[in-house]
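Below, all heavy atoms of this structure are taken into account, side chains as well, without hydrogens, waters or symmetry copies. Just so it is clear, the structure is predicted and the values come from calculations on it, not from any experiment.
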Amino acid sequence: MVLEEFLDEWHNDNPTVLVHTSGSTGKPKPMWVEKQKMLNSARITCDFLGLKPGDSALLCMPLDYIAGKMVVVRAIERKLKLVNIAPCGHPMANAEPTTFAAMVPLQVYNSLQVPEEKQKLMAIRHLIIGGGAIDEEMADALRAFPNNVWSTYGMTETLSHIALRRLNGEEASEWYTPFDTVEVSQDEDGCLVINAPLVHDGVLKTNDRVEMRKDKTTGRQQFRIVGRKDNIIDSGGIKIQIEEVERLLKPHLSVPFMITKTPNKKFGEVVVLLCGKPFDGVSSSSSDSMLSEEELRNICTKVLPPYWAPKKYVFVDKLPMTETGKPARAEAEKLVRDL
């Protein structure tokens, strides 16, 4: 979809807009969402960030998904100057800094690798990052940025984000704070429950397992993501959170990798490590690019708790990812099962 097509859809008489889920846990699904609720979401974000008419907003994500659509809706709601570039992995190569920009982690990662692009990224006054996890290496690179950088929490059903956490400055935190119009709680499985009446009808139960606390200063409920309920590996009665395994391994592997699972007669399920080729720009002589299965096994044995170590190692040219840069978990499982 191009911008003109979305604007035609936005300005027609239909009170709803067609969007698609990201497909991180399966096939993308179509959804019809209310334009008024999209405007509500846009107003909440613009008010929180202090965006005003005449400010500029960068559109650098696909308009097939809610994140891209909401950039346009924010521009409409707040009368922002919209800077539209074709979705790509290096948005700052083709754009000047704007007041506001929304990106996925892969776009930020790529921009950080090129000095000229990094300088432009640093000049964005309000940068929000969503659609995937932000690892410690990226968080460290962003911590000293002079302007506001936020990680977002949300999904298609909540019309983009309902909570933010600061990634830089004195307010940097791993805890998300919901907007004032949003209430959060936990269900019996420790998963996040969202009540956001301005953007979603009824209570929304997620599959995201969280820890919760109250902010000592404001008393506001906050939450920290532990991992997805459907990303648990039950191996011999030991429940292993995929995201926690990836978090522990990340400092020790500089090549792309992800954790998945496969059925096993003895254990029920076992941990599998998918290892991809090095990122663009990483020398092929990197020691990690030549690691054997035995060397990977030794690293995992040293870094991970005994029952978390992968039982299987699979090497692929490219890790399965969604169009929005998230790990395609269902595709990864199928890939391993089919081997």
Between [Y] and [X], does any NZ, NE, NH1 or NH2 come within less than 4.0 Å of an OD or OE carboxylate oxygen?
{"X": "Glu243", "Y": "Arg247", "value": "no"}
{"X": "Arg213", "Y": "Glu174", "value": "no"}
{"X": "Glu96", "Y": "Lys120", "value": "yes"}
{"X": "Asp55", "Y": "Lys79", "value": "no"}
{"X": "Asp201", "Y": "Lys37", "value": "yes"}
{"X": "Lys239", "Y": "Asp234", "value": "yes"}
{"X": "Arg224", "Y": "Glu211", "value": "yes"}

- Under the salt bridge (Lys or Arg N to Asp or Glu O under 4.0 Å) criterion, do Asp47 and Arg78 qualify, and how do the steps go? CA-CA 9 Å; Asp47 286 349; Arg78 197 50 50 107; 2.8 Å; yes

- Message: Among residues at least two apart in sequence or on other chains, which ones pass side chain to side chain contact (heavy atoms under 4.5 Å, CB included) with Phe267?
- Response: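 Applying side chain to side chain contact (heavy atoms under 4.5 Å, CB included) to Phe267 gives Ser235, Asn264, Val270, Lys311.
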
Return the [atom1] to [atom2] distance between [X] and [Y], rounded to the nearest 0.5 Å.
{"X": "Met38", "Y": "Ile76", "atom1": "CE", "atom2": "CD1", "value": "8.5 Å"}
{"X": "Ser41", "Y": "Leu198", "atom1": "OG", "atom2": "CG", "value": "9.5 Å"}
{"X": "Met1", "Y": "Tyr65", "atom1": "CE", "atom2": "OH", "value": "12.0 Å"}
{"X": "Leu204", "Y": "Ile162", "atom1": "CG", "atom2": "CD1", "value": "9.0 Å"}
{"X": "Cys300", "Y": "Leu253", "atom1": "SG", "atom2": "CG", "value": "6.5 Å"}
{"X": "Lys334", "Y": "Thr262", "atom1": "NZ", "atom2": "OG1", "value": "12.0 Å"}

Within the side chain of [X], is there an N or O that forms a donor-acceptor pair under 3.5 Å with the backbone of [Y]?
{"X": "Asn147", "Y": "Met122", "answer": "yes"}
{"X": "Thr158", "Y": "Gly154", "answer": "no"}
{"X": "His200", "Y": "Gly202", "answer": "yes"}

Non-hydrogen atoms of [X] and [Y] that approach each other most closely:
{"X": "Pro105", "Y": "Gly131", "value": "CD-C, 4.4 Å"}
{"X": "Ala139", "Y": "Ile134", "value": "N-CG2, 4.0 Å"}
{"X": "Leu164", "Y": "Thr152", "value": "CD2-CG2, 3.4 Å"}
{"X": "Met138", "Y": "Tyr109", "value": "CE-CB, 3.6 Å"}
{"X": "Ala67", "Y": "Met61", "value": "CB-CE, 3.7 Å"}
{"X": "Thr260", "Y": "Ile233", "value": "O-CD1, 3.6 Å"}

Heavy-atom side-chain contact between [X] and [Y] under 4.5 Å:
{"X": "Asn195", "Y": "Val184", "answer": "no"}
{"X": "Phe100", "Y": "Ile124", "answer": "no"}
{"X": "Arg74", "Y": "Ser160", "answer": "yes"}
{"X": "Glu246", "Y": "Lys250", "answer": "no"}
{"X": "Ile129", "Y": "Leu142", "answer": "yes"}
{"X": "Met31", "Y": "His20", "answer": "no"}
{"X": "Val104", "Y": "Gln107", "answer": "yes"}
{"X": "Asp180", "Y": "Phe48", "answer": "no"}

Using the rule side-chain contact (heavy atoms from CB on, under 4.5 Å), only one of [options] pairs with [X]; which is it?
{"X": "Ile66", "options": "Val71, Val73, Thr156, Val17", "answer": "Thr156"}
{"X": "Thr98", "options": "Val83, Leu80, Leu59, Leu82", "answer": "Val83"}
{"X": "Asn231", "options": "Asp208, Ile242, Val245", "answer": "Ile242"}

Would [X] and [Y] count as having a side-chain donor-acceptor pair, cut-off 3.5 Å?
{"X": "His90", "Y": "Glu117", "answer": "yes"}
{"X": "Gln36", "Y": "Asn40", "answer": "yes"}
{"X": "Thr177", "Y": "Gln222", "answer": "yes"}
{"X": "Thr218", "Y": "Asp215", "answer": "yes"}
{"X": "Thr99", "Y": "Ser56", "answer": "yes"}
{"X": "Ser151", "Y": "Tyr176", "answer": "yes"}
{"X": "His161", "Y": "Thr45", "answer": "yes"}
{"X": "Asn148", "Y": "Arg125", "answer": "no"}

- Please report the C-alpha distance between Tyr307 and Val271 in whole Å, then the side-chain angles of each, then the deciding distance to 0.1 Å, and finally whether the side chain to side chain contact (heavy atoms under 4.5 Å, CB included) criterion is met. CA-CA 9 Å; Tyr307 298 107; Val271 180; over 6 Å; no

- Could you go step by step and tell me if Val226 and Val210 meet the side chain to side chain contact (heavy atoms under 4.5 Å, CB included) rule? CA-CA 5 Å; Val226 176; Val210 296; 5.6 Å; no

- Query: Does Arg165 count as lying over the ring of Trp150, i.e. NZ or CZ under 6.0 Å from the six-ring centre, within 45 degrees of the axis?
  - Reply: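 That pair does not qualify as a cation-pi contact.
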
- Task: Using the side chain to side chain contact (heavy atoms under 4.5 Å, CB included) rule, take Phe257 and Leu274 through it: C-alpha gap first, then chi angles, then the decisive distance, then the call.
- Result: CA-CA 5 Å; Phe257 77 94; Leu274 279 179; over 6 Å; no

- Mind jotting down which residue pairs meet the salt bridge (Lys or Arg N to Asp or Glu O under 4.0 Å) criterion with at least one end in residues 144-153? Sequence neighbours excluded, please.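 Qualifying pairs: none.
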
More than 12 heavy atoms of other groups within 6.0 Å of [X] [atom1]:
{"X": "Gln186", "atom1": "CD", "result": "yes"}
{"X": "Lys312", "atom1": "NZ", "result": "yes"}
{"X": "Phe315", "atom1": "CZ", "result": "yes"}

- Item | Full working for salt bridge (Lys or Arg N to Asp or Glu O under 4.0 Å) between Glu269 and Lys261 | CA-CA 6 Å; Glu269 297 175 329; Lys261 60 185 177 181; 3.5 Å; yes

Could you list the donor-acceptor pairs under 3.5 angstrom formed between side-chain atoms of residues 4-11 and any protein atom two or more places apart in sequence or on another chain?
{"from": "Glu5", "atom 1": "OE1", "to": "Val2", "atom 2": "N", "distance (Å)": "3.0"}
{"from": "Glu9", "atom 1": "OE2", "to": "Leu18", "atom 2": "N", "distance (Å)": "3.2"}

- Query: Under the side chain to side chain contact (heavy atoms under 4.5 Å, CB included) criterion, do Val303 and Ile299 qualify, and how do the steps go?
  - Reply: CA-CA 6 Å; Val303 172; Ile299 292 173; 4.2 Å; yes

